[in-house]
Amino acid sequence: MRNESRLLLVVSLFGAVIGVLFWAVGLSPVYATITSGGTIMLGAVCLLGLLPGYYYHWWSRRMSPRSEDDPEATPESGAGVVGVFPGTSIWPFVLGMSALLVCLSLVFGFWTAIFGFSLAIAAVVGVILESRRGGAI
Amino acid sequence: MTLLAERPGVVQEPGGPDHGHGPTGILRWLTSTDHKVIGKSYLITSIVFFLFAGVMAVLMRTQLASPDSTIVSQHTYNELFTMHGSLMLYLFAGPFAFGGLANYMVPLQVGAPDMAFPRLNALSYWLYLGGGLTMIGGFLTVGGAADFGWVAYAPLSNAVNSPGAGPDMWIVSLILTGFSAIFTGVNICATVFYLRAPGMTMFRVPIFTWNMVVTGILILIAFPVLTAAMVMLWCDRHLGTHIYTVSGGGVPVLWQNLFWFFGHPEVYILALPYFGMVTEILPVFSRKPVFGYRGMVFATITIGALSTSVWAHHMFTTGVVLLPFFSLMSYMIAVPTGIKFFNWIGTMWRGSLKFDTPMLFAVGFLVVFLFGGVTGVFLASPPIDFATHDTYFVVAHFHEVLFGSAVFAGFAGLSYWYPKMFGRMLRESLGKASFWFMFVGFWVTFLPQYLLGLHGMPRRIAEYSASTGWTTLNRVSTAGAYILFLAVAIMVVNFYVSWRRPIHASGNPWDGHTLEWATTSPPPPHNFFRLPPVRSERPLWDFNHPEHTTRAHEAEHEGGTPSRRGTRATGGGADGAR
Amino acid sequence: MLLGGALVLGGCNAPTFGAFRGATTQGRDEFRLWVGFAITGLAVAAIVWGLIFWTVIRHRRRGSDAIPRQFHENVPLEIVYTTLPFVIVLVLFYFTVVTENRIDAVSASPSEVVHVLGFRWGWSFTYDSGTGRYQGVQIATAAQPKVLAQPATSSQYPQLVLPLGETTRIVLTSADVIHGFYVPAFNFSRYAQPGVVNRFDFTPTTTGVFRGQCSQFCGLYHSEMLFSVRVVSRADFARWLATEQASQAQTGSGATS
Ligand code: HEM
Ligand SMILES: [Cu+2]
Ligand SMILES: [Cu+2]
């Protein structure tokens with residue numbers, strides 16, 4: 001988990017450094033009139049790396065070592081249940097179509113959104129029931 | 001139905017746990033959450049969009065073959081280049097890589113049973129398909145499809161200058177496909193972070209997968225900005241806001257800043273996966289490990305990071321950007337890209353190179369992309385950009401990099417992994433013919449465009465007068481486009497032939513290095529019956545050629561002293577240290 | 001690189017690599033930079049292509065299936081080919097900044113000032129009356145765009161007239177969407193944007209008529225948004241201006257040719 005968190009923190013650091021640099025260069029009178037949103041966007045890059053990066057960092061110090069981080073691990077050491085994976089499910093399709101309808105309301109007026117939101121509710125209920133039946137999320 | 005995925009032990013009988021039932025046919029396509037089914041859907045859909053956009057390109061080139069041409073009207077031409085560019089970039093080059101090949105291969109390469117979030121993965125595909133059809137649907141509206149270029153500069157894209165439903169559908173399409181890309185990005189990162197095989201430390205992950213992780217992060221950085229910009233554009237068009245219009249106190253250049261803050265990372269979202277494919281193919285067909293693995297990883301990360309801070313090199317001629325800042329940052333990208341090139345050459349150096357179709361396309365990519373990269377460095381110089389901005393010089397440059405990546409490297413990756421995905425081989429003869437037509441056609445199409453640009457031909461013009469003297473070069477370029485069309489047609493025939501008269505592919509037809517070749521072709525549900533131990537970035541090679549691992553060779557050639565390099569050869573140094 | 005440097009200084013007799021030599025001092029500065037870049041770029045490309053082709057031909061698998069040595073890194077070499085591009089790029093950046101500053105420099109006392117306005121789909125050139133010498137001569141495109149492109153020099157399109165060897169300030173903006181004010185022979189383009197006023201100088205070095213065209217897509221008749229630039233001697237310029245002024249005073253409006 002260490003390397004994963006470092007990767008994200010590097011992204012964050014880069015956003016911060018370049019953001020400050022960009023902001024500072026922009027202060028010079030030659031460029032003072034320029035509005036670009038650049039500093040804000042670079043700041044957002046910083047945050048985007050920081051949130052998951054720091055979370056991984058925090059977590060990597062608390063979790064028990066994983067076999068995928070152990071260079072000497074054998075396939076046997078990781079054998080067993082990896083996780084629960086859903087089989088087939090119609091609900092992603094339904095949800096996708098509902099999103100399509102909702103967005104199309106931006107073009108054709110709000111009536112498509114009514115169908116869209118109804119489908120979305122159906123999909124959410126469907127997924128939850130499906131997961132219940134499967135015994136796990 | 002929910003399945004518990006068991007990670008295989010050393011040996012597990014094929015056909016093990018009872019899965020693989022389930023719906024077939026169209027219902028399977030609609031309901032599958034298997035990354036392999038979704039990956040194939042993505043591939044096929046994106047290739048169909050590619051063919052659509054290719055036909056539009058040939059139409060445009062036909063129009064430009066002679067001066068004062070009226071084969072298509074000005075309005076149609078404007079729709080054509082807008083849709084060609086949008087389809088190629090938003091619906092082909094990106095989704096083909098991260099939705100198609102990466103979706104299929106990343107879980108396999110890290111030894112995972114599926115993507116981390118299979119249902120989200122399926123949702124990505126449906127958003128993509130819906131978005132794509134919406135974009136094409138623009139052609140069916142009264143005013144026609146969007147016709148403001150794939151960059152939709154404000155204020156040209158506002159309701160006054162571009163009224164109608166077509167532009168709105170274009171906006172909606174980008175919102176939908178944007179979310180689709182974001183979900184895929186999250187999925188890929190989570191899969192690599194959480195579902196790797198035992199022993200596969202981050203520094204043993206195949207380079208393709210590494211590049212996909214960085215691509216995923218770039219998607220997360222770039223696409224939200226695009227979506228936000230699109231929503232604001234919609235508000236300007238329909239709610240009477242004035243975010244991008246001067247009259248209401250807005251700032252048109254803001255659009256360009258937002259768009260290119262997405263747009264430049266997008267360019268690398270479209271390039272890094274293809275760099276990764278080439279980095280998988282060169283070692284396999286050279287029978288050597290990738291040269292400078294760590295250098296490759298750091299170069300990828302550096303490119304990804306730098307790509308967030310060069311956006312305004314597309315805006316040099318606006319007169320309102322920090323020229324030296326963006327120029328320098330853009331130049332800096334040449335350094336990691338150069339590292340990659342030398343590493344690719346180092347990988348082939350003193351190898352045993354076999355030129356099957358994937359390798360041919362991969363080397364074709366190197367040759368083509370190099371020139372696109374060099375002309376890219378030219379354009380990073382504001383004075384040169386002043387002279388060539390928005391001319392065919394730029395068109396030639398970006399086709400060299402985009403066509404080089406998405407088509408040369410894309411076909412390399414596709415023909416490399418085709419046996420794995422479809423369990424059958426492509427015909428070598430057709431593949432090679434396709435390559436040579438494409439390679440020749442490519443230069444014939446795009447070299448003249450560099451000259452046209454230098455002679456002052458602007459891009460996005462539907463016609464020109466004979467007095468400009470551009471006719472001959474345009475003719476040549478159009479002839480090249482027909483050759484390219486033929487090359488793509490041969491590739492399609494190749495798919496068709498392999499579909500009708502399959503030649504069975506074994507699990508590992510190329511003597512591959514990475515885990516995707518350690519299972520059957522195509523892989524069973526949840527992918528693996530057994531995994532080899534992972535001791536370097538090429539576990540399968542180590543398993544199949546135990547006397548030729550990197551470590552063994554180095555020990556032999558350095559008199560058997562267990563040197564520092566010997567330990568690093570496992571690629572596990574960093575994680576191993578703690 | 002050295003060769004490139006020499007040619008950058010030598011300038012004039014260098015091959016053009018397809019580009020215009022530049023009909024203004026600013027355009028010539030750009031051209032010199034271009035030649036340096038073209039030589040450096042082609043040299044780098046030639047070297048890397050050479051390496052690729054050499055490897056591909058030399059190391060192709062011939063019959064024997066022997067497995068080659070499995071080397072996978074060479075740290076000193078990798079450091080060299082990281083630093084080398086870095087240095088090249090810094091040199092390019094240096095020349096870029098020097099040239100860019102010269103091209104973007106605006107004179108404190110230009111001898112003429114022309115206001116250029118881009119609109120859908122045409123241009124208007126208004127000679128500054130602020131100097132007190134002239135009464136705002138204006139040349140503009142006729143309202144209706146032609147549907148098939150004529151030569152840019154055709155009288156359908158407006159013509160910007162500039163005096164030879166003197167510095168003219170262009171003050172550029174747009175009435176509607178973004179346009180690109182592009183004169184290929186001057187090696188220069190700049191966006192005409194609504195709400196933004198861009199200022200830059202031209203100092204023509206050759207007489208002649210040069211084509212100009214909108215380079216930034218601006219909608220339906222973008223391909224028709226042509227103009228031309230005519231560079232004439234000071235005397236001819238004065239004569240032209242006087243005639244133009246007289247005829248516009250008569251008609252009472254900007255002449256549309
Ligand atoms: C099949 C070979 C191809 C041909 C013959 C071709 C031809 C063209 C032509 C004629 C234009 C319009 C130029 C203009 O009027 O300004 C164009 C624009 C463009 N092409 Fe291609 N193209 C090809 C492949 C591709 C590929 C593979 C990609 C990307 C992956 C691509 C991306 C673009 C983009 C982004 C534009 C700019 C659209 C715009 O100006 O808004 N093209 N291409
Ligand atoms: Cu860019
Ligand atoms: Cu225009």
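Chain naming here is simple, since letters A, B, ... match the order of the sequence lines and numbering starts at 1 in each.
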Between B:S381, B:S247, B:S467, B:S162, the one whose heavy-atom pairs under 4.5 Å with chain C are most numerous: B:S381
Any B:R294 side-chain heavy atom under 4.5 Å of C:E78 side chain: no
C:F86 atom CZ, neighbour heavy-atom count above 12 within 6.0 Å: no
Residue B:A299 versus chain C: region with a heavy atom under 4.5 Å: neither
Toward chain B, the part of C:R211 with a non-hydrogen atom under 4.5 Å: side chain
Best-contacting candidate, B:Y450, B:F342, B:F341, against chain C by heavy atom pairs under 4.5 angstrom: B:F342
Residue among C:I178, C:V183, C:V44 with most heavy-atom pairs under 4.5 Å to chain B: C:I178
Non-hydrogen side-chain atoms of C:C214 and B:P458 separated by less than 4.5 Å: no
Residue selection (most heavy-atom pairs with chain C, distance under 4.5 Å) from B:R460, B:R459, B:H75: B:R460
Check against side-chain contact (heavy atoms from CB on, under 4.5 Å), C:V48 and B:I345: CA-CA 9 Å; C:V48 182; B:I345 294 170; 3.9 Å; yes
Option that, when pairs with chain C are counted at under 4.5 Å, heavy atom only, ranks first among B:N158, B:T70, B:N161, B:T391: B:N161
Contact winner vs chain B - C:F200, C:W54, C:F186, C:F181, heavy-atom pairs under 4.5 Å: C:W54
Side-chain heavy-atom pair C:T40, B:F378 within 4.5 angstrom cut-off: no
Minimal non-hydrogen separation, B:V335 against C:P85, with atom names: CG2-C, 4.2 Å
Which atoms of B:I339 approach chain C - backbone, side chain, both or neither, heavy atom under 4.5 Å: both
Side chain, backbone, both or neither of B:D68 within contact of chain C (heavy atoms, under 4.5 Å): both
Within-4.5 Å side-chain heavy-atom neighbours: C:H72 and B:Y293: no
Any donor-acceptor N or O pair under 3.5 Å, side chains B:R538, C:Q70: yes
Side-chain heavy atoms of C:E100 within contact of B:I384, under 4.5 Å: no
Proximity breakdown for C:L172 and chain B, heavy-atom pairs closer than 4.5 Å: neither
Region of C:D104 in contact with chain B, defined by heavy-atom distances below 4.5 Å: side chain
Among C:D176, C:I52, C:L42, residue most engaged with chain B (heavy-atom pairs, under 4.5 Å): C:I52
Toward chain C, the part of B:W541 with a non-hydrogen atom under 4.5 Å: side chain
Selection from B:G351, B:G338, B:G373, B:A462 maximising heavy-atom pairs under 4.5 Å formed with chain C: B:G351
Contacting region of C:Q216 [heavy-atom separation from chain B under 4.5 Å]: both
Among the listed options C:S215, C:P184, C:G219, C:S174, the residue most often paired with chain B at heavy-atom distances under 4.5 Å: C:S215
Donor-acceptor contact present, side-chain C:T55 to main-chain B:W349, <3.5 Å: no
B:V367 backbone acceptor or donor facing C:W49 side chain under 3.5 Å: yes
Contact check, side chains of B:F386 and C:R190, non-hydrogen atoms, under 4.5 Å: yes
Shortest non-hydrogen separation from B:P155 to C:V177 and the atoms involved: CG-CA, 3.8 Å
Flag side-chain contact, heavy atom, 4.5 Å: B:L454 against C:T16: no
Atom group of C:V56 that falls short of 4.5 Å from chain B, counting heavy atoms: both
Chi angles and distances behind the side-chain contact (heavy atoms from CB on, under 4.5 Å) call for B:K288, C:F71: CA-CA 7 Å; B:K288 276 181 58 208; C:F71 64 91; 3.2 Å; yes
Proximity breakdown for C:F53 and chain B, heavy-atom pairs closer than 4.5 Å: side chain
Full working for side-chain contact (heavy atoms from CB on, under 4.5 Å) between B:L328 and C:T96: CA-CA 10 Å; B:L328 184 62; C:T96 292; over 6 Å; no
Heavy-atom neighbours of C:R60 CZ exceed 12 at 6.0 Å: no
Chain B interface, residue from C:G195, C:S189, C:G212 that has the most non-hydrogen pairs under 4.5 Å: C:S189
Whether C:N198 side chain and B:T318 backbone form a donor-acceptor pair below 3.5 Å: yes
Separation of B:M332 CE from C:L90 CG (nearest 0.5 Å): 4.5 Å
Distance-only donor-acceptor check, side chains B:H389 and C:Y182, under 3.5 Å: no
Any side-chain donor near an acceptor of the partner, C:S223 and B:Y77, under 3.5 Å: no
Nearest heavy atoms of B:I461 and C:Q213, plus distance in Å: CG2-NE2, 3.8 Å
Heavy-atom pairs under 4.5 Å with chain C, option from B:T388, B:N343, B:D385 with the top count: B:N343
B:Y153-C:F217 aromatic ring centre distance below 6.0 Å: no
Chi angles and distances behind the side-chain contact (heavy atoms from CB on, under 4.5 Å) call for B:Q256, C:Y191: CA-CA 12 Å; B:Q256 291 182 48; C:Y191 282 176; 3.7 Å; yes
Flag if over 12 foreign heavy atoms under 6.0 Å of CZ, C:R61: yes
Minimal non-hydrogen separation, C:P68 against B:S286, with atom names: CG-O, 3.8 Å
Taking every non-hydrogen atom, the tightest pair across C:G41 and B:V374: CA-CG1, 3.6 Å
Gap separating the OG1 atom of B:T550 from the CD atom of C:E73, nearest 0.5 angstrom: 10.0 Å
Heavy-atom pair of closest approach, residues B:P383 and C:I103: CB-CD1, 3.8 Å
Point-to-point distance, once rounded to the nearest 0.5 Å, from OH of C:Y221 to CD of B:E463: 10.0 Å
